[in-house]
A.B. asks: 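I have a structure here, written as structure tokens, and I will follow up with some questions on it.
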Amino acid sequence: MKALPGSFQRPFTWFVFLFSILAVAYYMLEWHNGRNQMADFRVYYDACRQLISGEEVYGNAYGVSSGFYKYSPFALIPFIPFALLPYPIASALYYVVVMVLFALVMRYIVVSLPGVSEDSRSSKAAWWLLLTSLFAADHIERELHLGNVNLFLLVLVFVMMRFLVQANPWKSAAVLALLMLFKPHFLILYPLLFWRCEWKVIVISALFIGLGLFIPSIVLGWERNTELLQAWFSAIREHNGTLSESPNTIYGLLWRFSGGLISGNIALILGLGLAGGMVFLFLLQTRRFPSAWRWFFEMFVLVALIPSLTHTDTEHFIWSLPLIGLILYLTIGYTFRNRWAVAVLMSIAFVPYVLNSPDIVGDRIRFAFDEQGGIGIANLIFVTTAAFLMARIQGILKAGSEKVI
């Protein structure tokens, strides 16, 4: 990983220090109140123990009524060391892992943004860290409380992007296969690879995915692994259900705002067409950008769109964090017309994206934010704001301006 730019070194050290204190304090509070169950981690932990003992993995509710394991058998392999430990120790260790992963994501965002000046003022870097952390606050709290793998997958996307920039198809393909074996949502990256003619990455990743699907059969046996794969495919179908009824997706928003005038299938077709058209226009635009910027722009717009296109839990909207960091980076670091419009849009999106806690806004408003499309609207604001920004600053980037953080 590249070293932090000089302007970020001291602010980032303070950021890690303060975040660590707050995260440890939050864990102690959770433990004191008996709320440190880490329900999502519990699903991986219990499913892994079921796998080790030869019992049924899919179709069981682990910990809570909605805690079904719906990922590939391969995705349980990293959890085997945790499953060998008593749950209180395993969950505490995984809590530390989540802390480290968030710090890594923030660092990756910084070092992946080209053009960061070594001589720029550290005060702007500190403002960027503060604002990005504020936008991340609610979703990081959920990750710490639930113990999901979303930050781990986000780190993998950064690693894949680095290998793509280095033109290393084997390593890029291996990381993409790992992402797909955890969550097939990352299929969304394949159209970008087709667009960029990364044929080796596409073919090799497909081979790695096939290999990963059958690696567990080495230990479990071919028949047992085949049964698990069939159960996984069934779990995926059941989880996605009717996409038009998923409130934070593009389809759900179209269906709701039409007042039910269009059917769910029509909303699905319109939503896919709208998203596909947006992405195509976006890729046409970024084609003219400096090479160092393109992968970051293109990959993280697509990753941010995942929870807007698939039925997922609201904590998956943390995948928009790199895009949010990019928007704040460009807004703070560059001077361009209509910067006030970006500030207004981000302020609007901030409300449902960050303030969706019942302790802040009450249960009724929190429900509207989380389950009635509020956070989905915020996510689409991030995507469209990023596209607007890229159109505005294209000339600045081509000119090689040093007006950066």
A.B. asks: Show the nearest heavy-atom pair for residues Thr310 and Thr249, with the distance to one decimal.
C.D. replies: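 Residues Thr310 and Thr249, closest heavy atoms: O-CG2, 3.5 Å.
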A.B. asks: Is the shortest side-chain heavy-atom distance between Phe317 and Phe382 below 4.5 Å?
C.D. replies: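 Answer no - side chains too far apart.
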A.B. asks: Phe186 and Trp319: aromatic ring centres closer than 6.0 Å?
C.D. replies: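 Close enough - the centres of the two rings lie under 6.0 Å apart.
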A.B. asks: Ring of Trp295, cation from Arg162 - is the NZ or CZ under 6.0 Å from the centre and inside 45° of the axis?
C.D. replies: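 No, Arg162 does not lie over the aromatic ring of Trp295.
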A.B. asks: To the nearest 0.5 Å, what is the distance between OG on Ser205 and NZ on Lys200?
C.D. replies: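 These two atoms lie 14.0 Å from each other.
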A.B. asks: Would you call the rings of Phe41 and Phe82 parallel, tilted or perpendicular, where under 30° means parallel and over 60° means perpendicular?
C.D. replies: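 Geometry flag for Phe82 against Phe41: perpendicular rings.
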A.B. asks: When Leu178 is tested against each of Leu153, Val159, Leu156 for side-chain contact (heavy atoms from CB on, under 4.5 Å), which residue passes?
C.D. replies: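 Of all the options given, the one that passes is Leu156.
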A.B. asks: Any Lys/Arg nitrogen of Glu55 or Arg49 sitting under 4.0 Å from an Asp/Glu carboxylate oxygen of the other?
C.D. replies: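 Result for this pair is no, no salt bridge flagged.
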A.B. asks: Measure centre to centre between the rings of Phe152 and Phe182, then say whether the value is under 6.0 Å.
C.D. replies: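 Yes, the ring centres sit under 6.0 Å apart.
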A.B. asks: Answer with yes or no after comparing the ring centroid distance for Tyr71 and Tyr69 against a 6.0 Å cut-off, counting only values under it.
C.D. replies: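 Yes: the rings meet the under 6.0 Å criterion.
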A.B. asks: State the CD1-OG1 distance between Ile332 and Thr132, to the nearest 0.5 angstrom.
C.D. replies: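 Ile332 CD1 to Thr132 OG1: 6.5 Å, rounded to 0.5 Å.
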A.B. asks: Shortest non-hydrogen contact from Ala83 to Tyr45?
C.D. replies: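 Minimum heavy-atom contact is CA-CE1, 3.6 Å.
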A.B. asks: May I ask you to check whether Phe350 and Tyr353 place their ring centers less than 6.0 Å from one another?
C.D. replies: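 Distance test on ring centres: not under 6.0 Å, no.
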A.B. asks: Any side-chain donor-acceptor pair under 3.5 Å between Glu315 and His139?
C.D. replies: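 On atom types as modelled, these side chains do not qualify, holding no pair under 3.5 Å.
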A.B. asks: Would you give the length of the straight line joining atom OG1 of Thr384 to atom CG of Leu389, rounded to the nearest 0.5 angstrom?
C.D. replies: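 Here the rounded value is 10.0 Å.
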A.B. asks: Quick check for you: to the nearest 0.5 Å, what is the distance between Trp199 atom CH2 and Phe194 atom CZ?
C.D. replies: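 One gets 6.0 Å once the value is rounded to the nearest 0.5 Å.
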A.B. asks: Answer yes or no: is there a side-chain heavy-atom contact under 4.5 Å between Glu143 and Phe102?
C.D. replies: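 Sidechains of Phe102 and Glu143: no contact.
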A.B. asks: Working to the nearest 0.5 Å, report the span between CG of Leu164 and CD of Glu298.
C.D. replies: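 Answer rounded to 0.5 Å: 10.5 Å.
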A.B. asks: Find the distance between OH (Tyr58) and CD (Gln230) and round it off to the nearest 0.5 Å.
C.D. replies: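 The distance works out to 11.5 Å.
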A.B. asks: Does the ring center of Trp170 lie less than 6.0 Å from the ring center of Phe163?
C.D. replies: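 Trp170 vs Phe163: aromatic centres not under 6.0 Å.
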A.B. asks: Taking all non-hydrogen atoms of both residues, which atom of Ala173 and which atom of Val201 are closest, and how far apart?
C.D. replies: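 Ala173 and Val201 have their closest heavy atoms at CB-O, 3.6 Å.
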A.B. asks: Check Val43, Leu76, Ile77 against Cys48 for a side-chain contact (heavy atoms from CB on, under 4.5 Å) and give me the one that passes.
C.D. replies: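 For Cys48, the side-chain contact (heavy atoms from CB on, under 4.5 Å) test succeeds with only one of Val43, Leu76, Ile77, which is Leu76.
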